[in-house]
Amino acid sequence: MSKILIGRYVAGDSIVYRMDPRGKLLATILFILFVFLANNPISYIIVTIFSLAAVAATKLKPKIFWDGVKPLIWLILFTSFLQLFFTVGGTVYWRWTIFALSSYGITNAIFIFIRFTVIILISTVMTVTTKPLEIADAIEWLLKPLKLIRIPVDKIALVMSIALRFVPTLFDETFKIMNAQRSRGADFNNGGLVTRAKAITPLLVPLFINSLETAIDLSTAMESRGYRGDKGRTKFRVLKWSNVDFINLFYFVLLLGLLLVFRTH
């Protein structure tokens, strides 16, 4: 759990770090939408190349991304497994009751695996190269049109940024509590599924209490600093677009063009 990268910022220096957080957030959303345009081997190869190029542009060690994706591999494999044995089409190689192995199922399982993996990679690129406060500013900018219908955009952005920031904190607290209980003789690794589930249950109470205490401390700190939403509030971090951001958007426009050219109708 300590290796999950969701919400974690990893310090570095590359062209990706110098991009405006609004451009990175917009590019990430566009990429996730563009991935669903891929429907053949060539288009999935293009998507994979573009995502790996984005990872390489961060100049971070590939192991960092692997450690971040690894905890989710079983979820991806399970989803691919469902596609493999529950999707029938083309040549059927094997069938037993509700299970079947067909050429269409194999192809679809591979595509689903690639789709989930590249989405996680691109999302990780944004979170590890962008500070949580910058992500909050980008979300607020993206949702700004909703202010016209009196939706509290600033509060929504604040909640999302706090949630994103405290995901790794929650994992760290869980890890500390597990180590503390291991030192007292608790065993989380041995036994059957039911036994291991019962062993994890004692973690919930201290974790829940710690989470409440953190939330109370955070609200007290915000109130003591006079936080009142966006009324009369100025920005300490002024976001500015640069040529690097236009290159970033052109990169994803190029991806869209290639996917449309090679898309099978």
Side-chain angles (χ1 to χ4, degrees), residues 4-12 15-37 50-51 54 57-58 118-171 211-257 259-260:
I4 292 180
L5 291 177
I6 298 174
R8 293 183 185 270
Y9 171 75
V10 180
I15 187 173
V16 182
Y17 282 89
R18 293 190 291 272
M19 290 178 183
D20 191 290
R22 296 171 295 180
K24 283 190 278 189
L25 178 63
L26 186 60
T28 301
I29 295 173
L30 291 176
F31 180 86
I32 294 174
L33 295 175
F34 293 166
V35 165
F36 291 94
L37 293 175
F50 268 71
S51 60
T58 64
V118 297
I119 288 176
I120 293 172
L121 283 177
I122 290 296
S123 301
T124 303
V125 167
M126 186 194 71
T127 56
V128 299
T129 61
T130 313
K131 297 177 180 178
L133 290 177
E134 293 178 344
I135 295 177
D137 291 339
I139 293 174
E140 186 176 351
W141 171 81
L142 189 64
L143 299 178
K144 191 175 292 184
L146 297 179
K147 287 186 176 181
L148 298 175
I149 54 178
R150 297 183 180 277
I151 293 180
V153 172
D154 58 303
K155 293 182 180 179
I156 295 175
L158 178 66
V159 170
M160 294 180 68
S161 64
I162 290 175
L164 187 64
R165 167 61 184 85
F166 280 96
V167 165
T169 302
L170 192 63
F171 284 133
S211 300
L212 283 179
E213 290 177 349
T214 302
I216 293 172
D217 291 342
L218 178 62
S219 63
T220 303
M222 292 175 65
E223 288 178 357
S224 65
R225 286 165 174 78
Y227 179 77
R228 295 292 183 273
D230 63 343
K231 293 183 180 179
R233 191 181 182 196
T234 58
K235 292 287 186 181
F236 177 75
R237 297 173 302 277
V238 180
L239 303 179
K240 293 182 180 180
W241 294 89
S242 63
N243 293 333
V244 175
D245 299 295
F246 291 109
I247 295 173
N248 176 35
L249 294 178
F250 174 76
Y251 180 81
F252 286 94
V253 170
L254 177 62
L255 172 62
L256 174 61
L259 289 178
L260 291 176

**Student:** For I149, check side chain to side chain contact (heavy atoms under 4.5 Å, CB included) against everything at least two apart and list the hits.
**Tutor:**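 With sequence neighbours excluded, I149 shows a side chain to side chain contact (heavy atoms under 4.5 Å, CB included) to L146, I151, given in chain and number order.
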**Student:** Quick one, I135 with Y9, criterion side-chain contact (heavy atoms from CB on, under 4.5 Å). Give me CA distance, side-chain angles, the key distance, then yes/no.
**Tutor:** CA-CA 11 Å; I135 295 177; Y9 171 75; over 6 Å; no
**Student:** In Å, rounded to the nearest 0.5 Å, how long is the span from OG1 of T58 to CG of L121?
**Tutor:**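 So the gap between those two atoms works out to 10.0 Å.
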**Student:** Do you know the tightest heavy-atom contact between V153 and K144?
**Tutor:**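 Looking at all heavy atoms of both residues, the shortest contact is CG1-N, 4.2 Å.
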**Student:** Without placing hydrogens or testing angles, list every side-chain donor-acceptor pair under 3.5 Å for residues 23-36, not counting sequence neighbours.
**Tutor:**
{"from": "K24", "atom 1": "NZ", "to": "V16", "atom 2": "O", "distance (Å)": "3.2"}
{"from": "K24", "atom 1": "NZ", "to": "T129", "atom 2": "O", "distance (Å)": "3.0"}
{"from": "K24", "atom 1": "NZ", "to": "T130", "atom 2": "OG1", "distance (Å)": "2.9"}
{"from": "T28", "atom 1": "OG1", "to": "K24", "atom 2": "O", "distance (Å)": "2.7"}

**Student:** Kindly give the heavy-atom pair with the smallest separation between L170 and S211, and that separation in Å.
**Tutor:**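 Looking at all heavy atoms of both residues, the closest pair is CD1-OG, 3.4 Å.
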**Student:** Under the side chain to side chain contact (heavy atoms under 4.5 Å, CB included) rule, collect the residues that match up with S242, sequence neighbours excluded.
**Tutor:**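 With sequence neighbours excluded, S242 shows a side chain to side chain contact (heavy atoms under 4.5 Å, CB included) to V244, D245, given in chain and number order.
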**Student:** Would you give the length of the straight line joining atom CZ of F250 to atom CD1 of I247, rounded to the nearest 0.5 angstrom?
**Tutor:**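 It is 9.5 Å, given to the nearest 0.5 Å.
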**Student:** Taking side chain to side chain contact (heavy atoms under 4.5 Å, CB included) as the test, write out the residues that go with E213, two or more places apart.
**Tutor:**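 Counting only residues at least two positions away or on another chain, E213 forms a side chain to side chain contact (heavy atoms under 4.5 Å, CB included) with I209, N210.
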**Student:** So for atom CG, which belongs to D217, do other residues, nucleotides or ligands contribute more than 12 heavy atoms lying within a distance under 6.0 Å?
**Tutor:**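 Enclosed: over 12 neighbouring heavy atoms sit under 6.0 Å from CG of D217.
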**Student:** With Y251, which residues qualify under ring pair (Phe, Tyr, Trp, His ring centres under 6.0 Å), at least two apart?
**Tutor:**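 Ring pair (Phe, Tyr, Trp, His ring centres under 6.0 Å) check on Y251 returns F50.
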**Student:** Which heavy-atom pair separates A54 from I122 by the least distance, and what is that distance?
**Tutor:**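 Heavy atoms only, the tightest pair is CB-CD1, 3.8 Å.
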**Student:** In a check of side chain to side chain contact (heavy atoms under 4.5 Å, CB included) between L256 and each of L260, L254, V253, which one passes?
**Tutor:**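 Of the listed options, the one satisfying the test is L260.
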**Student:** For the residue pair L249 and W241, what are the closest heavy atoms and their distance?
**Tutor:**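 The answer is CD1-CZ3, 4.3 Å.
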**Student:** Hey, are the side chains of E140 and K147 touching, using non-hydrogen atoms and a 4.5 Å cut-off?
**Tutor:**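 Yes, side chains in contact.
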**Student:** Checking D20 now: which residues fulfil side chain to side chain donor-acceptor pair (under 3.5 Å) with it, not counting sequence neighbours?
**Tutor:**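 Testing D20 for side chain to side chain donor-acceptor pair (under 3.5 Å), a comparison that skips the adjacent residues, returns R22.
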**Student:** In Å, rounded to the nearest 0.5 Å, how long is the span from OG1 of T127 to CD1 of I120?
**Tutor:**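 Rounded to the nearest 0.5 Å, the OG1-CD1 separation comes out at 11.0 Å.
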